[in-house]
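Along the sequence shown, residues carry numbers from 1.
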Amino acid sequence: MNRYSVIVLSVLVCGFIELGLCREGNFIQMRPGGVYDYGGNQNSAEIEGLARFAVQEHNKKENALLQFARVLKAKEQVVAGKLYYLTLEVIDAGKKKIYEAKIWVKPWINFKQLQEFKHAEHGPFSALSDLNLKRGCHGQEWLAVSTNDLEVKNAANHAVKSMQRKSNSLFLYELLEILQAKAKIIEDYAKFELHLKLRRGSEEEKHWVEIIKNSEGKFYLK
């Protein structure tokens, strides 16, 4: 095999690995990767640039006047390039609103496309930081948050560890699923109310727990 053939073969193999392609019968199907929290800083110039691009594209398409404020959350998925899932805070006629955007990027051909841009304020809050927009009603009520939010997962894991420390059982608790999550901001700390599905030994159990996160970022099981 000559040097040129080796180079071509290496490129093809790398491409198949990155795109997750597989052959099934006479067809080649793509197996895109899972959606994960953005590995870098969600306030980086790259993510902010994508967020501003999403707002500008939406404004052009809908003849709107939304103003970008900040990125609340960023996720990414490897496909033929990358899909970025951004939760944004924007200003609409002087009012803060939450939108979710999906942007497809192929950096090697300078390709960038807004695939989705939708209002998310009426759904469950997708990030704990969204609750800061509701500080005017802090202490009043529990608000539903996403069970996939990183802060919710951290609170759930802390609750499981705390329950294990208090338990006299030889079997360890294992977190199977966060069934439901609520949160509220009270002054300078956050409270979580979580419904957890756990396994201990061969038995599955469901528990409601309440966790506090203080201003220093430490969790406490109530």
Side-chain angles (χ1 to χ4, degrees), residues 35-44 47-48 50-52 54-55 66-76 84-102 116-166 173 175-198 206-222:
V35 179
Y36 301 99
D37 288 331
Y38 179 65
N41 181 359
Q42 71 177 29
N43 295 314
S44 67
I47 295 300
E48 183 174 319
L50 289 174
R52 290 184 181 278
V55 173
L66 300 183
Q67 294 178 299
F68 169 76
R70 59 177 176 145
V71 176
L72 297 174
K73 193 167 188 177
K75 290 178 176 287
E76 59 185 347
Y84 291 89
Y85 299 83
L86 307 182
T87 303
L88 314 175
E89 178 186 324
V90 303
I91 308 299
D92 183 9
K95 296 182 180 179
K96 293 180 179 179
K97 294 184 178 180
I98 307 299
Y99 279 81
E100 292 176 347
K102 181 165 72 172
E116 191 174 89
F117 196 89
K118 62 182 181 180
H119 190 211
E121 190 169 358
H122 296 298
F125 291 91
S126 57
L128 179 63
S129 54
D130 297 354
L131 290 172
N132 290 315
L133 301 179
K134 299 292 183 179
R135 278 187 178 273
C137 60
H138 63 262
Q140 298 291 325
E141 58 180 340
W142 292 97
L143 297 173
V145 292
S146 170
T147 56
N148 292 317
D149 182 70
L150 182 60
E151 291 283 8
V152 171
K153 291 180 178 179
N154 289 339
N157 287 327
H158 175 82
V160 172
K161 290 178 182 178
S162 297
M163 291 170 65
Q164 186 60 49
R165 285 196 295 266
K166 295 177 181 180
Y173 280 110
L175 177 61
L176 298 178
E177 185 180 357
I178 304 172
L179 300 172
Q180 189 176 350
K182 299 178 183 179
K184 59 181 173 181
I185 302 292
I186 303 176
E187 299 301 335
D188 58 349
Y189 67 92
K191 292 180 75 173
F192 298 86
E193 189 177 79
L194 309 179
H195 192 196
L196 307 179
K197 182 179 180 181
L198 309 175
K206 294 180 181 178
H207 295 268
W208 279 99
V209 296
E210 189 171 315
I211 305 99
I212 293 174
K213 182 181 181 183
N214 65 17
S215 58
E216 296 176 353
K218 294 182 179 180
F219 291 98
Y220 298 93
L221 179 65
K222 254 187 111 176

By ring pair (Phe, Tyr, Trp, His ring centres under 6.0 Å), F117 pairs with (sequence neighbours left out) H58, Y99
Looking at [X] and [Y], what are the two nearest heavy atoms and their distance?
X	Y	answer
V160	L198	CG2-CD2, 3.7 Å
K153	I178	CA-CD1, 4.0 Å
K73	D37	CE-OD1, 4.0 Å
S146	V152	O-CG2, 3.5 Å
F68	E48	CE2-CG, 3.7 Å
A159	L196	CB-CD1, 4.3 Å

- Query: Between K97 and E89, is the closest basic N to carboxylate O distance under 4.0 Å?
  - Reply: no
Say you draw a straight line from [atom1] of [X] to [atom2] of [Y]; how long is it, rounded to the nearest 0.5 Å?
X	Y	atom1	atom2	value
I91	L66	CD1	CG	9.5 Å
Q67	R52	CD	CZ	10.0 Å
E210	K222	CD	NZ	4.5 Å
H207	H195	NE2	NE2	9.0 Å
K161	L175	NZ	CG	11.0 Å
K191	I211	NZ	CD1	11.0 Å

Side-chain donor or acceptor of Q164 paired with backbone N/O of Y173 under 3.5 Å: yes
From CA spacing to verdict: side chain to side chain contact (heavy atoms under 4.5 Å, CB included), Y220, N214: CA-CA 8 Å; Y220 298 93; N214 65 17; 3.3 Å; yes
Please walk me through it: do Y38 and Y84 pass side chain to side chain contact (heavy atoms under 4.5 Å, CB included)?
CA-CA 8 Å; Y38 179 65; Y84 291 89; 4.0 Å; yes
So do the side chains of [X] and [Y] get within less than 4.5 Å of each other, counting heavy atoms only?
X	Y	result
E151	K213	yes
V209	L221	yes
Y85	V35	yes
I98	T87	yes
L179	T147	no

